[in-house]
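This report concerns only the one structure given below.
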Amino acid sequence: MPIFGERTLGETPGQLVVRSSYPKEKLSYRVKVTPEDGGFRIAVDLDAPLPPELVGKAGFNLDFLPTAYFGKTYLMGDRPGLFPRNPNGPMATDGSGDPQPMASGARSVTLSPEDPKTRVTITANAPLALYDARNRAQNGWFVVRSMIAAGAKEDAVVWHVRPNVIPGWTRAPVVSFNQAGYTPQRGKVALIELDPNFKAPAEATLVKLTDSGEKAVFSAPVQPRGKFLRYNYAAFDFSSVREPGVYAISYAGQTTNPFPIAADAYSRIWQPSLDTYLPVQMDHMTVREQYRVWQRASHLDDAVQAPPNHVHFDGYRMGPNLDSPFKPGEHIPGLAVGGFQDAGDYDIQTPQNAQVVRDLVWTRELFGLDWDETSVDEKAREVEIRKPDGAPDALQQVRHGVVQLLAQYKVFGHSIVGIIDPKLRQYAHLGDAASQTDGKLYDAALGPNEVRGDHSGVPDDRWAFTTAYPANDLMVAGSLAAASRALKDFDPAMSAEALSAAKALWTKREGEAANGSDGRDDSGNMSRFLDLAKVAATVELILTTKGDAVYTARLRALTPAIEANFDRVSGVAVRALPYMDANYKARIRTLVSAAKSRADTGLAGNPFGVPVGMGSWAGSGEVAGFGINMYLMHKAFPDLIGPEYTLHALDYMLGRHPANNLSLVSTVGTRSKLNGYGHNRADYGFIPGGMAPGVLVIKPDFPEMMTEWPFLWFESEYTVSSTTAYILAAKAAIAATEDSR
């Protein structure tokens with residue numbers, strides 16, 4: 001990857017200049033993009049001609065989204081070709097495995113000449129080549145490439161790019177709403193996202209779908225909601241419609257997909273997450289769903305000790321101290337149990353696993369979660385979806401998470417950063433988790449293909465990053481304390497063990513003042529993260545011990561940390577109220593009032609009623625957290641905060657968001673995101689119940705969520721902690737519908 005330098009305005013009006021380099025290859029360059037009639041000019045200037053070893057290797061690439069071109073044609077000069085749906089070569093025959101061009105040799109190429117919406121023509125000062133980079137990796141794109149000639153410096157590459165323009169084109173309105181529908185008594189407001197140049201009708205209509213077709217039942221003027229990012233917004237309020245039935249919204253000549261209004265509209269919105277997505281993510285288990293085997297028992301060779309002073313390509317960091325009795329490369333017995341594969345990359349991230357456990361415990365305590373659709377046999381390492389076994393699934397999932405958290409504590413006396421693949425090729429694995437490793441312990445004395453009993457000569461065992469961090473220990477302490485409550489009757493022995501470990505970790509770490517890292521960042525002192533972990537662990541121990549004075553006194557001492565981070569820790573702080581004194585309660589009430597004012601001020605900038613993430617990872621997880629915290633504050637102080645914030649969070653996650661109106665939770669609602677960045681992303685598939693991050697804002701003002709291309713992790717990657725946060729937020733929203741009546 002090149003090292004980005006800077007992006008500046010050039011000397012020509014409208015010109016942008018980006019400076020980048022490949023330092024190891026001693027290659028520095030500028031890319032200049034200049035507007036010109038019909039499109040723009042791209043030029044590459046080198047600081048110095050190519051070193052001899054890069055001649056024939058260095059070139060300029062422009063990538064095109066494959067799903068926009070599947071089944072369409074191209075013209076390389078005047079020679080036609082077809083963009084394939086599936087990569088099919090050609091490949092180099094010299095043993096390198098390098099892709100070869102689909103077409104090359106001409107100085108012009110036109111992509112999809114038949115489709116005015118995706119037609120692009122490029123002409124160049126050198127021969128062009130067209131590649132299918134999916135021949136190298138499933139997440140590759142179609143690539144147009146020019147080589148850089150020996151001796152070239154200024155204008156080493158010059159392209160004239162002509163994207164087709166449709167005169168007068170405007171984007172069709174996006175009518176967004178909750179794809180699961182609405183309960184009769186709650187507010188019902190659809191949002192309409194409008195191209196600023198679109199001549200928007202003043203009225204929308206709600207139609208009821210009957211056995212004789214559509215029937216218009218309600219019309220009303222749309223209410224302007226201002227501009228957010230690049231679009232204008234309007235609201236269609238049909239709250240007065242309460243009759244149960246199936247409805248759709250008609251606006252600007254189009255009618256949306258249907259949705260229900262029904263008392264039980266939300267009765268099935270969280271179950272796919274609990275009974276399908278979470279089982280699919282269970283590590284070290286065989287997971288079967290009727291005829292389908294999602295995975296065989298995975299990672300039975302976990303894990304070996306990671307080396308010191310190592311930064312993994314996925315961000316895991318090992319400091320100079322291993323905090324472990326094992327030597328680098330040595331097998332660590334006892335870790336091949338329990339836990340959840342965090343996302344589509346099969347790793348166990350300890351803080352996220354701890355969050356999963358806590359969220360499931362909270363959901364069961366606050367809203368009930370006695371749902372049984374899945375059989376789990378920990379000893380046999382077997383899971384079967386849609387085969388009830390008489391035990392609540394949530395408790396079985398809590399126990400599965402605790403098995404891994406306690407395993408770490410037993411082996412090291414502390415939590416660890418996590419467990420992950422050591423090699424990039426292995427990390428990029430797609431498919432059955434059991435085939436990511438051979439399930440046998442690595443033995444360097446064996447040959448590469450030699451197997452002897454439970455050992456093999458394949459060094460594919462995942463690495464354990466074992467550095468001890470106070471914040472991780474406290475997060476795990478809080479989750480273990482919560483789990484001890486949930487498991488008290490279900491598994492008394494594990495409950496007692498979890499509480500003992502939680503108390504020990506809390507006692508060891510609650511006084512720490514430095515190093516708030518979780519081992520997956522580049523900061524040495526994240527005091528905020530450490531403060532949040534302290535508050536969370538202390539509150540869980542208060543709840544578990546029913547107000548033990550040791551923990552209530554410590555929480556009072558943590559009041560400055562609560563005040564400084566209240567928007568993040570509000571739900572946790574509120575849960576402790578029944579066991580705290582009048583001064584604490586009065587202070588929390590003041591903080592809740594101020595939090596409402598901040599929320600109202602911040603939310604006034606967008607029409608969705610929730611914080612819309614502006615970072616490099618889309619924000620559905622933050623929306624779930626917002627919905628949870630606001631509901632807990634509402635229940636504690638209903639005179640200060642109403643239930644509508646939590647309902648807005650549900651609406652956002654299930655379709656009322658920018659860019660499109662898909663539910664972000666796969667298979668939940670009439671229309672949902674049905675290709676996600678999960679284990680089956682290479683099949684353009686989905687995992688039912690997984691929640692995608694959703695809408696990413698590309699700076700400065702373009703909201704994007706790919707609907708057909710699953711390989712953008714920051715928009716499409718399911719994670720276990722965001723999905724269990726969704727379960728908790730969904731159950732809170734169901735309760736909020738009763739409060740909003």
Side-chain angles (χ1 to χ4, degrees), residues 14 16 18 31-44 58-92 98-148 155-172 659-660 675 682 684 696 698 702 704-712 715-716:
L16 296 174
V18 173
V31 177
K32 299 185 297 188
V33 181
T34 309
E36 58 185 14
D37 288 344
F40 51 93
R41 178 183 189 267
I42 300 175
V44 178
F60 178 76
N61 293 0
L62 189 61
D63 290 9
F64 291 84
L65 183 69
T67 49
Y69 292 94
F70 286 158
K72 297 177 182 177
T73 64
Y74 62 82
L75 293 169
M76 177 60 71
D78 58 1
R79 299 192 305 276
L82 178 69
F83 285 107
R85 175 60 183 81
N86 197 62
N88 55 20
M91 305 297 289
D98 288 338
Q100 298 299 294
M102 295 193 297
S104 62
R107 297 196 175 207
S108 71
V109 63
T110 297
L111 285 66
S112 88
E114 71 273 26
D115 181 2
K117 291 184 178 179
T118 54
R119 183 163 68 243
V120 179
T121 297
I122 298 171
T123 59
N125 66 344
L128 294 164
L130 178 62
Y131 288 84
D132 186 348
R134 297 174 303 150
N135 287 311
R136 169 67 77 185
Q138 279 84 355
N139 62 350
W141 292 33
F142 293 127
V143 180
V144 179
R145 176 171 173 82
S146 275
M147 300 302 291
I148 297 174
D155 287 344
V157 172
V158 176
W159 285 6
H160 302 277
V161 184
R162 298 292 180 267
N164 184 57
V165 175
I166 301 174
W169 180 87
T170 56
R171 180 174 178 262
N660 58 53
N675 54 57
Y684 293 73
L696 185 85
I698 298 176
F702 185 77
E704 175 187 272
M705 189 179 89
M706 293 289 184
T707 58
E708 305 296 335
W709 182 248
F711 293 105
L712 301 184
E715 294 177 9
S716 298

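In what follows, every heavy atom counts, from backbone to side chain, and hydrogens, waters and symmetry copies are set aside.
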Exercise. CD of E36: more than 12 outside heavy atoms within 6.0 angstrom?
Worked result: yes
Exercise. W159 pairs by side-chain contact (heavy atoms from CB on, under 4.5 Å) with which of T123, V144, V33?
Worked result: V144
For this session: Provide the closest heavy-atom pair for P116 versus N164 in the form atom of the first, atom of the second, distance.
Result: O-ND2, 2.8 Å
For this session: For the residue pair F711 and W141, establish whether any side-chain heavy-atom pair is separated by less than 4.5 Å.
Result: no
Seminar exercise, completed: Rounded to the nearest 0.5 Å, the CG atom of N88 sits from the CG atom of D132 at a distance of 7.5 Å
Problem set entry | Shortest non-hydrogen contact from L75 toward P80 | CD2-CA, 3.9 Å
Problem set entry | P66 to G140 - nearest heavy-atom pair and separation | CG-O, 3.5 Å
For this session: Determine, for Y684 and R85, whether the Lys NZ or Arg CZ falls below 6.0 Å from the six-membered ring centre while staying within 45 degrees of the axis.
Result: yes
Exercise. Which residues satisfy the salt bridge (Lys or Arg N to Asp or Glu O under 4.0 Å) test with R107, sequence neighbours excluded?
Worked result: none
Problem set entry | S112 side chain to T118 backbone, donor-acceptor under 3.5 Å | yes
Exercise. Do M102 and N135 touch side chain to side chain, with heavy atoms closer than 4.5 Å?
Worked result: no
Exercise. Can you check side-chain contact (heavy atoms from CB on, under 4.5 Å) on V120 and Y69, steps first, answer last?
Worked result: CA-CA 11 Å; V120 179; Y69 292 94; 3.9 Å; yes
Exercise. What distance separates R145 CZ from N61 CG, expressed to the nearest 0.5 Å?
Worked result: 4.5 Å
For this session: Kindly give the heavy-atom pair with the smallest separation between Y74 and L111, and that separation in Å.
Result: CB-CA, 4.4 Å
Seminar exercise, completed: Tightest non-hydrogen contact, residues S146 and A124, listed as OG-CB, 4.2 Å
For this session: Kindly say whether P113 contributes a backbone atom to a donor-acceptor pair with the side chain of R119 at under 3.5 angstrom?
Result: yes
Exercise. Distance-only, no hydrogens or angles: does the E715 side chain make a donor-acceptor pair with backbone N or O of M706 under 3.5 Å?
Worked result: yes
Exercise. So, do L130 and P101 sit near enough that their side-chain heavy atoms are less than 4.5 Å apart?
Worked result: no
Exercise. What's the spacing between I122 CD1 and R162 CZ if we round to 0.5 Å?
Worked result: 11.0 Å
Exercise. When rounded to the nearest 0.5 angstrom, what is the spacing between CG in L82 and NZ in K72?
Worked result: 12.0 Å
Exercise. For the atom pair CG (L712) and CG (L65), what is the distance rounded to the nearest 0.5 Å?
Worked result: 7.5 Å
Exercise. Shortest non-hydrogen contact from P35 to G14?
Worked result: CD-O, 3.4 Å
Exercise. Any side-chain heavy atom of H160 sitting closer than 4.5 Å to one from T121?
Worked result: no
Problem set entry | Sub-4.5 Å side-chain heavy-atom contact between P163 and F40 | yes
For this session: Given side-chain contact (heavy atoms from CB on, under 4.5 Å), test M147 with V157 step by step and report yes or no.
Result: CA-CA 8 Å; M147 300 302 291; V157 172; over 6 Å; no
For this session: First locate atom CZ of F70, then atom CG of N86, and finally report the distance between them rounded to the nearest 0.5 Å.
Result: 8.5 Å
Seminar exercise, completed: The residue among F83, F64, Y131 that forms ring pair (Phe, Tyr, Trp, His ring centres under 6.0 Å) with F142 is F83
Problem set entry | Exam field: side chain N125 to backbone V158, donor-acceptor pair closer than 3.5 Å | yes
